[in-house]
2 protein chains.
Amino acid sequence: MKSTRNTTAKSAIQSLLQQSNTALSHKEIQTEVGELCNRVTIYRILDRLVEEGEIHKIINTDGVIKYAPCHQCDSNHQHNHDHVHFSCVKCDSVTCLDNVQPSYNLPPNYQVQEVNFTLSGICPNCITC
Amino acid sequence: MKSTRNTTAKSAIQSLLQQSNTALSHKEIQTEVGELCNRVTIYRILDRLVEEGEIHKIINTDGVIKYAPCHQCDSNHQHNHDHVHFSCVKCDSVTCLDNVQPSYNLPPNYQVQEVNFTLSGICPNCITC
DNA sequence: TTAGGAAATGCAACTAAATTGCATTAAATT
DNA sequence: AATTTAATGCAATTTAGTTGCATTTCCTAA
């Protein structure tokens with residue numbers, strides 16, 4: 001039986017993501033946690049949290065991976081995210097729009113496993129500036 | 001006035017993308033064109049073609065950038081792609097489903113500029129294997 | 001409460017992808 | 001054909017992510 005442990009670094013990163021209202025990249029997390037743990041450790045913690053269904057990856061439109069908490073995932077079944085992400089070109093923030101679920105009609109014989117919907121543009125915070 | 005030139009390498013890459021029925025990554029293009037031009041040149045040609053509205057970028061679910069021809073874009077206005085992309089986890093192919101346009105309802109004050117919709121799963125070619 | 005096994009970490013080295021500067025080459029216009 | 005400037009090649013550099021291994025730290029069972 002493989003077990004997972006609660007370390008200080010893991011807890012810190014997890015609560016960091018929980019409290020953030022935008023998705024965070026590895027680099028953003030690194031500058032945030034500072035000297036708390038090593039660069040490599042952050043990679044491994046993020047992998048673990050994804051594995052455990054605590055957070056999910058969002059591939060931003062510029063290719064940078066961002067991380068955000070999950071709401072309905074666990075470690076048993078695979079990630080299930082059908083919501084839209086919004087990527088702001090001004091402030092570079094990525095947010096989960098958990099309530100926005102797009103609909104589409106696929107041709108036959110496509111078997112969908114995962115979904116990545118990202119809109120880019122100006123977010124409400126930046127639209128007034 | 002900035003002008004753009006038709007070089008052999010550019011033409012080769014352009015027709016390569018036109019004739020492919022899947023989107024191609026930089027690496028795939030590189031192995032295809034072989035010694036025709038330098039690695040770096042491929043990067044620059046792809047950037048130019050995107051700039052000119054000939055091709056568009058697709059960020060695959062694994063973060064790899066793929067390129068596919070545009071149908072309704074030009075160099076004057078920005079890229080306008082609202083179609084779905086399908087990424088097959090078996091054969092690693094990415095295809096444009098130009099006829100599949102998802103619908104969604106955004107909260108107010110979001111100003112959408114570009115769209116990146118990618119579904120991953122099993123494509124029709126691989127579903128029988 | 002602690003002793004021991006396994007998970008997690010740090011560090012250094014490595015790999016892969018993409019970018020930059022600069023000298024050289026080759027389109028396109030006259 | 002001459003000219004000018006976009007495009008290319010090459011080498012070096014940056015950036016992101018991975019791997020191996022020794023060490024540390026967590027957690028459970030005695």
Does B:Lys57 pair with B:Glu114 as a salt bridge, N-O distance under 4.0 Å?
no
Taking the nucleotide of DNA chain C with the nearest heavy atom to each, does A:Thr4 or B:Tyr43 sit closer to the 5' end?
A:Thr4
Taking atom types as modelled, find out whether B:Thr22 and B:Thr95 have a side-chain donor-acceptor pair closer than 3.5 angstrom.
no
Looking at DNA chain C, which of residues 54-69 of chain A put a heavy atom within less than 4.0 Å of it?
none
When rounded to the nearest 0.5 angstrom, what is the spacing between CZ in B:Phe117 and CG in A:Leu119?
5.0 Å
Within residues 5-18 of chain B, which residues have any heavy atom lying less than 4.0 Å from an atom of DNA chain C?
B:Arg5, B:Asn6
Name every residue in residues 23-39 of chain A that has at least one heavy atom under 4.0 Å from any atom of DNA chain D, in order of residue number, or write none if there are no such residues.
A:Lys27, A:Arg39
Give the intermediate values and the outcome of side chain to side chain contact (heavy atoms under 4.5 Å, CB included) for residues B:Ile29 and B:Leu46.
CA-CA 10 Å; B:Ile29 292 170; B:Leu46 290 171; 3.8 Å; yes
One should read off an interatomic distance between B:Arg44 CZ and B:Asn38 CG, to the nearest 0.5 angstrom, of 8.0 Å
D:dA6 phosphate, OP1 or OP2: any side-chain N/O from B:Ser3 under 4.0 angstrom?
no
Counting only heavy atoms not in B:Lys90, do more than 12 fall under 6.0 Å of its NZ?
yes
Within the side chain of B:His26, is there an N or O that forms a donor-acceptor pair under 3.5 Å with the backbone of B:Arg39?
yes
B:Ile42 CD1 to C:dT19 P, straight-line distance once rounded to whole Å:
13 Å
To the nearest angstrom, how far is A:Ile45 atom CD1 from D:dG17 atom P?
16 Å
For a side chain to side chain contact (heavy atoms under 4.5 Å, CB included) check, start with the C-alpha distance between B:Ile58 and B:Ser87, then their side-chain angles and the critical distance, and finish with the verdict.
CA-CA 10 Å; B:Ile58 306 160; B:Ser87 170; over 6 Å; no
Between the base of D:dG17 and the side chain of A:Arg44, is there a donor-acceptor distance below 3.5 Å?
no
For side chain to side chain contact (heavy atoms under 4.5 Å, CB included), just list the numbers for A:Asn105 and B:Val100, CA-CA rounded to whole Å, side-chain angles, deciding distance to a tenth of an Å, and then say yes or no.
CA-CA 6 Å; A:Asn105 289 313; B:Val100 182; 5.7 Å; no
Are B:His83 and B:His56, when compared by the centres of their aromatic rings, separated by less than 6.0 Å?
yes
Answer yes or no: is there an ion pair linking B:Glu52 with B:Lys10, defined by an N-O contact shorter than 4.0 Å?
yes
